[in-house]
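Report on the following structure.
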Amino acid sequence: MPMQKTYKRYASLGSFGVVGSTRSNLLMINQIPYLSHSKKENTTCCVTAALESVIIWDVRRGEKIAFLKGNEDEVTSIAHSKKTSLIAVGYSNGTIKLWDLKNNTSDVLFSGHRSAISCLCFEKSGTKLISGSTDTDIIVWDIVGETGLYRLKGHKGMITDCVFMTTHNVMISSSKDMLVKFWDLDNQHCFLTIVGHKTEVWKLCLLNNETRLITGSGDAELRSYEIKEASDKESSGLLSCELLGSILRGGKGRVISLHLEEKGQYLACHGVDSTLDLFEIVDEDDIQKALKKRRKKIIKKQKKMPEAEQIDEDKILVEREVTDEIKKVQSFRMSQKLRSAAISYNNTKEEIKVLSMFINNSFGYYKIDLSALPTKCQLQSLISNMGHRSDVRTVGFNSDATLIMTASGESVKIWNRSTQKCIRTMDSDYCLCSMFVPGERHVIVGTKTGKLQLFDISSGILLEAVDAHEEAVWSIALSPDKNGFVSGSADHEVKFWEFDLIIDEEYSSMGKRLSISHTQTLKMTEEVLALKYSPDGRFLAVSLLDSTVKVFFADTLKFFLSLYGHKFPVLCMDISLDSTLLITGSADKNIKIWGLDFGDCHKSIFAHDDSITSIQFVSKTHYFFSVSKDKTLKYWDADKFENIMTLKGHHLEIWAMAVSPSGEYVVTSSHDKSIRLWQRTEELLVISEEREQEREELNEASITERGEQAIPGETSEEVGHAGKKTIETVKAAERIMEAIEIWKEETAKSKVDTATEPHPILKAYGNVEPRRYVLDVLKKVKSSELEESLLVLPFTYVTDLLKLINHWMSNLWEVELSSRCLTFLLKIHHNQITSTQVLLPVMSSLNSSSLQAVQQLKDQVGFNRAGLRFLQLQLEMKNVNFFDDAYDKFKKKAKTKKIVAF
């Protein structure tokens, strides 16, 4: 068998440049006492999603407090439990992770939704979590038990918001189907539906001790509903809901955020524009005073009328309006369009803190002084320098790959590659191409307006802005002798430039500074899209809008070759270091490999699913990388015409790429505002094994997709099982079945000969008893995946598992786990179990053993609680407080009569 060629694998080093992604909401947390950074002071923190990760910021310092790194899927929703240190993060693949801010770890993963999480909400006690998704389902999760309780079905559109009520065990949900539903969580059914909205309902909010419901939809109104106890005793519902009226908001478009601060006195709302509306929730005493004042005005006004038209004062009634309860404070115009907002009210200082996430990859921290007139929203800090405001269109490495240059529509940034921190920001025009000048003290960028801008990196100033072309500069390329460069533009011209040193007294009186001078112009028949010199200095390749590549002699500029074959324009190209191969990437999704000697096409590869935006050789090799609008980075072998590996990580189109001179690093930039760094590792890669692994991943994905083809919302059942079959649950079920088979095999062997050798797996576990081994395997299944794993088991294995549970209960082995498994299996397989004669004695034995085991466990827990109470009383009699921290915190809460916001 011939030896297969191996390559070195590239792996992701992470992403940077994203302050906050726009697909998720942000959170404001006024104090996080379990983070060391905020123990000494009341720190205002902001929680934002950064694509697949979550960042916690100190908004006053503009620093990262914590970084919660995700896997591959983008964060779509975040929620914080005020009673615990947990943050729930929903992802685009339908999973939910619970992160503990005490140690920044995640041990719990909930998998139940088929598509992206659209909203999350914790119960007040922090023991339950509800999640809504684009798959139209709502799932209630048990945080303590780390499992799903049930799935609520009924909406026929994406779930847009959901909220728990504290006065009743009720949950309220809204959807794009224009409905608001009230769910009785005790009986898991919808008992009330509000149908009055004319457009999609996007947000919900409960006010005034949950007697008012505010809904935000696609129009300019916020509707107010009164929630009260159902008057009809025979009614199936717990509550009734009546429309009171609506309030006009100043923002345009649909409601994006509707946020009530923790004390319930102020409400913030915004749409798709930059307007933030602030409303005050008026208390009952002020409402009554306003009504009395209005009544007095009416009486005073009618006294001036003729006696025949006057009405008896006792009959004058003043109707209560929505605007009496919710008073608009002001509409504030922010600096950019808003994506999410959160507020917090400080009643001692009469000020409101506002956090605003903008659509341009930045967020601002504002304060509103309510005592000042006029009321203004004053900016305190703006977190923006850690990323670009617009798409990064060009990237590059310096010669030793210690620095990364990125350029976008508003600035050029220099990053430290090892720390991934921005060390210099330089304001620029809209950049389309860039390069480091030899010596690496300067950078040159080509702009959309046709300018070439020269920057000094050390000082961060613009040295020159040359009007080089009449239209956009699409490409620049350094000459092999490094004495100049060439630029290509949409004005059909290729211009040649040389570096020069000139005296500039404005820059320095001691020496000269770098400058560029135009030397020659080459006229073309079409727009120039890409340029490249061959490393040996013989050729200059020019890509044109007519889908051809023209090759000229670099010294005389005489025409040499015309490369044609692409159906759409060539957007990028590169030439190998030995100047023998030229590769082109086109909008027709193909990569073509050409020989520079005769201009023949060696191979045409259908490489990507969308336009190829950048392509580059690895130095001293015939390997190359390509990126595309299909969000992937691909690694190729130009000699064997094979795809070595595909690297995924970006969530939107990739615009630019650069390979370091040594080939060790690759940097890419995307429409998702992120800059991602990839590194060559020492791990070897064989192409055949890579293809096999890809096929396995596809097979695993197809396993989880089977049975998930139901039409969302088109089901007669209102309640369903919370879990979802995943590859992890399938593998867990296989391990359980394998353990049961080992138990059955060992049981059969022991009946024949008691002196036989135990199974090798049992020996590896220290000659453990087979029934104990099955229990150990069951214990290793994640709590959140246990029920779905049991659901996958065939009924023949269920009968064996019930026999094992009977033995575990009788011996008091893991009573809690055994009870959970027993309850779930009885609920799922009740009809089959009751009709199976073999299981009748087993179920009869389980009836007594389970009751006895559970009662003994309850007695043990009760005894422990009683013992702790006794110890507490004994210590308090000696003036020693048991659980000092918790006791002090309780006293402080009782004294201030308010809940400390974590």
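Just so you know, these numbers come straight off a predicted model, no measurement behind them. Just so you know, these numbers use all the heavy atoms, side chains as well, and skip hydrogens, waters and symmetry mates.
- With sequence neighbours excluded, the residues forming a side chain to side chain contact (heavy atoms under 4.5 Å, CB included) with N208 are T211, R212, I281, E325, listed by chain and number.
- Atom CG of N209 has 12 or fewer neighbouring heavy atoms from other residues, nucleotides or ligands inside a 6.0 Å radius.
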Subject >> Full working for side chain to side chain contact (heavy atoms under 4.5 Å, CB included) between V719 and H189 >> reply: CA-CA 7 Å; V719 183; H189 79 98; 5.6 Å; no
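- The backbone N or O of N103 lies less than 3.5 Å from no partner atom in the side chain of D100, so there is not a single donor-acceptor pair.
- Using a distance-only test at 3.5 Å, with no hydrogens or angles considered, a donor-acceptor pair links the side chain of Q330 to the main chain of T375.
- Checking side-chain atoms of R820 against main-chain N and O of S783 turns up a donor-acceptor pair under 3.5 Å.
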Original post:
Could you walk me through whether E788 and T726 pass the side-chain hydrogen bond (donor to acceptor under 3.5 Å, both in side chains) check?
Top reply: CA-CA 9 Å; E788 197 63 34; T726 63; over 6 Å; no
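- Atom CD1 of residue I227 and atom CZ of residue F182 lie 4.0 Å apart, to the nearest 0.5 angstrom.
- Between the E210 side chain and the T167 main chain, a donor and an acceptor come within less than 3.5 Å of each other.
- A distance-only check finds no donor-acceptor pair linking the side chain of T22 to the backbone of I359 [under 3.5 Å].
- Around NZ of K327, the count of heavy atoms belonging to other residues, nucleotides or ligands within 6.0 Å does not exceed 12.
- Taking all atoms of both residues into account, the shortest heavy-atom contact from C162 to M171 is CB-SD, 4.1 Å.
- With rounding to the nearest 0.5 angstrom, the CG atom of L278 is 4.5 Å from the CD1 atom of I352.
- Between the CD1 atom of I368 and the CG atom of N346 there is a distance of 13.0 Å, given to the nearest 0.5 Å.
- Residue D273 holds its CG atom at 11.5 Å from CE of M334, rounded to the nearest 0.5 Å.
- Shown here are the ring-ring contact (aromatic ring centres under 6.0 Å, His included) partners of F358, two or more places apart in sequence or in another chain: there are none.
- Remark: E351 engages K367 in a salt bridge (Lys or Arg N to Asp or Glu O under 4.0 Å) (not counting sequence neighbours).
- When only modelled atom types and interatomic distance are considered, H155 and T136 share no side-chain donor-acceptor pair under 3.5 Å.
- Between A342 and L26, the closest heavy-atom pair is CB-CD1, 3.8 Å.
- For the residue pair S92 / T76, no side-chain donor-acceptor distance below 3.5 Å is found, with atom types taken as modelled.
- The salt bridge (charged side-chain N to carboxylate O under 4.0 Å, His left out) pairs that include a residue from residues 240-258 are K228-E242, where partners are two or more places apart or lie in different chains.
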**OP:** Carefully, step by step, assess D161 and I172 under the rule side chain to side chain contact (heavy atoms under 4.5 Å, CB included).
**Re:** CA-CA 8 Å; D161 204 1; I172 309 172; over 6 Å; no
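- With hydrogens and angles ignored, the 3.5 Å screen pairs a side-chain donor or acceptor of S784 with a backbone N or O of L109.
- Screening residues 120-140 for ring pair (Phe, Tyr, Trp, His ring centres under 6.0 Å) gives no qualifying pairs among residues at least two apart or on separate chains.
- In this structure, N169 contributes its side chain and D184 its backbone to no donor-acceptor pair below 3.5 Å.
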Subject >> Step-by-step side chain to side chain contact (heavy atoms under 4.5 Å, CB included) determination, H80 to I29 >> reply: CA-CA 8 Å; H80 176 236; I29 307 178; 4.0 Å; yes
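- Residues L790 and I828 fail the side-chain proximity criterion, which asks for heavy atoms closer than 4.5 Å.
- With sequence neighbours left out, E74 forms a salt bridge (Lys or Arg N to Asp or Glu O under 4.0 Å) with R23.
- Taking a 6.0 Å sphere around CD of E816, one finds it holds 12 or fewer heavy atoms contributed by other residues, nucleotides or ligands.
- Partners of E123 by side chain to side chain contact (heavy atoms under 4.5 Å, CB included), not counting sequence neighbours, listed by chain and number: S125, T127, K128, F164.
- Two residues are said to be in side-chain contact when any heavy atoms from C-beta on lie closer than 4.5 Å; E262 and K82 meet this criterion.
- With contacts defined as side-chain heavy-atom distances shorter than 4.5 Å, the pair L101/I56 qualifies.
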Subject >> Check against side-chain hydrogen bond (donor to acceptor under 3.5 Å, both in side chains), D859 and Q855 >> reply: CA-CA 6 Å; D859 292 342; Q855 185 60 46; 3.0 Å; yes
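- Heavy atoms only, all atoms of each residue included: Y266 and L260 are closest at O-CD1, 3.3 Å.
- Sorted by first and then second residue, the side-chain hydrogen bond (donor to acceptor under 3.5 Å, both in side chains) pairs involving residues 191-202 (not counting sequence neighbours) are K181-T193, H197-T215.
- Listed by first then second residue, pairs satisfying salt bridge (charged side-chain N to carboxylate O under 4.0 Å, His left out) with a partner in residues 140-152 read D137-R151, not counting sequence neighbours.
- The side-chain heavy atoms of L185 and L152, taken from C-beta on, include a pair separated by under 4.5 Å.
- Rounded to the nearest 0.5 Å, atoms OG (S340) and CG (L27) are 8.0 Å apart.
- Partners of W57 under the ring-ring contact (aromatic ring centres under 6.0 Å, His included) rule, at least two apart in sequence or in another chain, are F363.
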Subject >> Evaluation steps, side-chain hydrogen bond (donor to acceptor under 3.5 Å, both in side chains), between S371 and E350 >> reply: CA-CA 6 Å; S371 59; E350 284 293 314; over 6 Å; no
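- Considering every non-hydrogen atom in both S133 and S115, the closest pair reads OG-O, 3.1 Å.
- With K102 contributing its side chain and S85 its backbone, the two residues share no donor-acceptor pair below 3.5 Å.
- The closest donor-acceptor contact from the side chain of E261 to the backbone of K263 lies under 3.5 Å.
- Nearest heavy-atom pair across I96 and A88 is CG2-CB, 4.4 Å.
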Original post:
side chain to side chain contact (heavy atoms under 4.5 Å, CB included) between L239 and F191: does it pass, once the steps are laid out?
Top reply: CA-CA 8 Å; L239 305 167; F191 65 87; 4.2 Å; yes
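- For K69, there are no salt bridge (Lys or Arg N to Asp or Glu O under 4.0 Å) partners at least two apart in sequence or on another chain.
- A salt bridge links E284 with R320: the distance from a Lys NZ or Arg NE/NH1/NH2 to an Asp or Glu carboxylate oxygen falls below 4.0 Å.
- Remark: side-chain polar atoms of S118 are paired, donor with acceptor, to backbone N or O of G132 under 3.5 angstrom.
- Partners of R294 according to the salt bridge (Lys or Arg N to Asp or Glu O under 4.0 Å) rule, which considers only residues two or more places apart in sequence or in another chain, are D324.
- Taken to the nearest 0.5 Å, the CD atom of Q380 stands 10.0 Å off from the CZ atom of R60.
- Looking at every heavy atom in both residues, C205 comes nearest to L267 through SG-CD1, 3.8 Å.
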